[in-house]
Amino acid sequence: MRFGAIVARDLRRAWSGGGAWWPVAFFLLVACLFPFAAGPDAALLARIGGGVIWAAALLAALLPVERLVGPDVEAGVIDQYAVRGTPLALVAFAKIVAHWLGFAPPLMLAAVVAGGLFDLSAATLARVEWGLLIGTPGLAALAVATAALVAGLRGGGAVAGLVMLPLAIPLLIFGAGSLDGGAGAVKLLAAVSLLLTAGAPWIAAAAIRVGMD
Amino acid sequence: MTRLAFDDVACLRGGRVLFEGLGFALAPGEAALVTGPNGVGKSSLVRIAAGLLRPAAGEVTREGAVALLGEAHALDPEWSLRHALGYWIGDRTATALAALGLAHLAEVPVRVLSTGQRRRAGLARVVGSNAAIWLLDEPANGLDDDGVALLERLIAAHRGAGGIAVVATHTTVALPGAQPVRLG
C-alpha cells in the first residue's frame, strides 16, 4: 500500500462524522473549566494559561486513542496490510501522520481561542503555538504507540491513559517550559518530540505483531 | 515460480498443540482443501500460510504474492463498496465486482450489505489482488448455492491460470484434484 493512501484513509475516517472536532471541543472545555477552578484572577490566569493549554492538548491527543489502531486490528485491515507486504512500521507512521493532521491543526486554532480566555499576551500565545507545532507530533506518535499497545484489551481506553500520560510528561515539561522564552526548552521539546516520532512506529509495529499471535 | 510448502509445521495456540508434523507442497495449479471440525486449527493454518502467525516448529516456504480472505472483511463500513474495495485493489475494482456479481451494489455503503454480500466482497478483493496464492478461510460461509458454485468456478479459473489455492472449510467446497489436509 502507498503511504499517502493510508494517511488519506485514516484521516478521512478520523474526520468522518465530525470525529475530529471532539478533541477540539474537549480541549476548549478543559481550558474553560480552569478559570472556574482557579478563580477569576486575571494575572494568575495569564500566568498559568500556557501550561493549562499544554495539559489540555495532552488530554485531547489521548481522546481518540481507542479508534486509532484497535478497530483496524478487529476489522482485519492490519492483516490485509501484512499479507500485502506493507511494513507495519510504515502503517504505524502513516497513522501518526494522519492522527497529527487530524487533531493538531484544529487544536492550534482552538489554542488561539483558549489564549483569549486566559488573556495571554501575543508573545506568549505565539510561543504556545510554536511549542504546539513542535510538540504535537510527539503526542500523536505516543498516542498511536499506546493505541497499538492496548489494541484488543478490554477497557483499553483507561489503560491507554495510564500508559501514555506518564510518558508524555517530558513533552509537558519542555512545552510549558518553553513559554518563558527559553530557547533551551524549545530545543529539548523538539528533541523529545523527534525521539517519540522516530521511535513510536517501531514500538507500534512490534506491539501489533505481538497482538497477532 | 509460485510455490507454497509446509514442512513439518506445528501450531501452538494458548499452550495447546493444535497440529504438528504437518507437511504439504503446492505447485502452480494445485490446491489444498483443509477440513476438520471447529477449533482444530484451520484458521491458524491459513494464518500461518499467510505469514501472520509464526509456526511453533517447522518451515513454511511461500513464493508469490498472497491474497487472504479472513474472518473479518476489512472493508470500511461507512464507505461505498466500490470505494472500500478500491482502497485495496484500485482500478481492478470494477472487474472484480462484476466477477462476483456485485456490480449493482457498487454504490451501496458496506454497512448495509448482508453477510453473504460481504463474503462476496471479500472474495472480490482476492480476485482483484492479482496474487498467485489464494488463502481462503471459510470462503463458503454465508454464501448461497449460486455463490458457492461461483466460488468453485473462480478457484478453478485461478488454478487454470497457474495459481495456488488453500481453502479451509467445514462445509463442502468442490475442488477437483485438491490435496486433502485433514486436521483433528
Side-chain angles (χ1 to χ4, degrees), chain A residues 1-22 64 66-92 94-95 97-99 102 148 151-153 204-213, chain B residues 4 11-15 43-44 46-56 60 62-80 83-91 109-111 118-119 121-122 124-126 128-138 166:
Chain A
M1 295 298 291
R2 283 177 306 108
F3 181 76
I6 303 177
V7 174
R9 169 183 177 266
D10 276 47
L11 192 58
R12 222 182 124 159
R13 280 179 64 81
W15 282 79
S16 69
W21 294 110
W22 284 112
E66 271 183 294
R67 288 189 287 121
L68 293 176
V69 177
D72 275 1
V73 172
E74 246 167 71
V77 173
I78 300 287
D79 288 349
Q80 291 293 336
Y81 287 136
V83 296
R84 274 165 181 69
T86 312
L88 291 181
L90 185 79
V91 174
K95 284 186 172 298
V97 172
H99 180 36
L153 284 188
I208 292 171
R209 239 266 158 243
V210 168
M212 278 181 177
D213 259 354
Chain B
L4 178 70
C11 174
L12 196 71
R13 301 292 284 155
S43 296
S44 298
V46 169
R47 291 180 70 79
I48 288 174
L52 297 174
L53 212 60
R54 247 195 310 269
V60 177
R62 194 173 33 247
E63 285 163 27
V66 170
L68 171 74
L69 175 73
E71 255 171 278
H73 55 73
L75 296 169
D76 290 320
E78 68 278 13
W79 287 1
S80 72
H83 192 125
L85 260 181
Y87 178 67
W88 297 106
I89 55 177
D91 48 14
V110 171
R111 72 187 143 78
R118 282 177 202 190
R119 210 68 195 151
R125 174 172 44 217
V126 171
S129 66
N130 268 0
I133 303 175
W134 286 10
L135 304 173
L136 311 178
D137 187 7
E138 300 287 4
V166 174

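Lettering follows sequence order; numbering is per chain, from 1. Here the structure is a predicted model, which is why all the values come from computation and not from measurement.
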Spacing of [X] atom [atom1] and [Y] atom [atom2] [to the nearest 0.5 Å]:
{"X": "Leu53(B)", "Y": "Met212(A)", "atom1": "CG", "atom2": "CE", "value": "9.5 Å"}
{"X": "Asp72(A)", "Y": "Asp76(B)", "atom1": "CG", "atom2": "CG", "value": "7.0 Å"}
{"X": "Arg54(B)", "Y": "Arg209(A)", "atom1": "CZ", "atom2": "CZ", "value": "7.5 Å"}

Please state whether the side chain, the backbone, both or neither of [X] comes within less than 4.5 Å of a heavy atom of chain A.
{"X": "Trp79(B)", "answer": "side chain"}
{"X": "Arg47(B)", "answer": "side chain"}
{"X": "Ala65(B)", "answer": "neither"}

Among Leu135(B), Val66(B), Ile133(B), exactly one meets side-chain contact (heavy atoms from CB on, under 4.5 Å) together with Val83(A). Which residue is that?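 The side-chain contact (heavy atoms from CB on, under 4.5 Å) with Val83(A) is passed solely by Val66(B) among Leu135(B), Val66(B), Ile133(B).
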Once the angle between the rings of Tyr87(B) and Tyr81(A) is folded into 0 to 90°, is it parallel (under 30°), tilted (30 to 60°) or perpendicular (over 60°)?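 Rings of Tyr87(B) and Tyr81(A): perpendicular, as their planes differ by over 60°.
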May I ask you to name which of Gly85(A), Ala82(A), Ala5(A) has the most heavy-atom pairs under 4.5 Å with chain B?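 With the most close heavy-atom pairs to chain B, the winner is Ala5(A).
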Is it the case that more than 12 heavy atoms not belonging to Glu63(B) sit under 6.0 Å from its CD atom?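 Check passes, neighbour count above 12.
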Glu71(B), CD atom: more than 12 neighbouring heavy atoms under 6.0 Å: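 Open: at most 12 neighbouring heavy atoms sit under 6.0 Å from CD of Glu71(B).
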Which heavy atom of [X] sits nearest to which heavy atom of [Y], and what is that distance?
{"X": "Arg84(A)", "Y": "Ser129(B)", "answer": "NH2-CB, 4.4 Å"}
{"X": "Ala72(B)", "Y": "Gly76(A)", "answer": "CB-N, 3.7 Å"}
{"X": "Ala74(B)", "Y": "Val77(A)", "answer": "CB-N, 3.8 Å"}

Taking side chain as everything from C-beta outward and backbone as N, CA, C, O, which of these in Ile6(A) sits under 4.5 Å from a heavy atom of chain B? Side chain, backbone, both or neither.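 Looking at Ile6(A), backbone and side chain both touch chain B.
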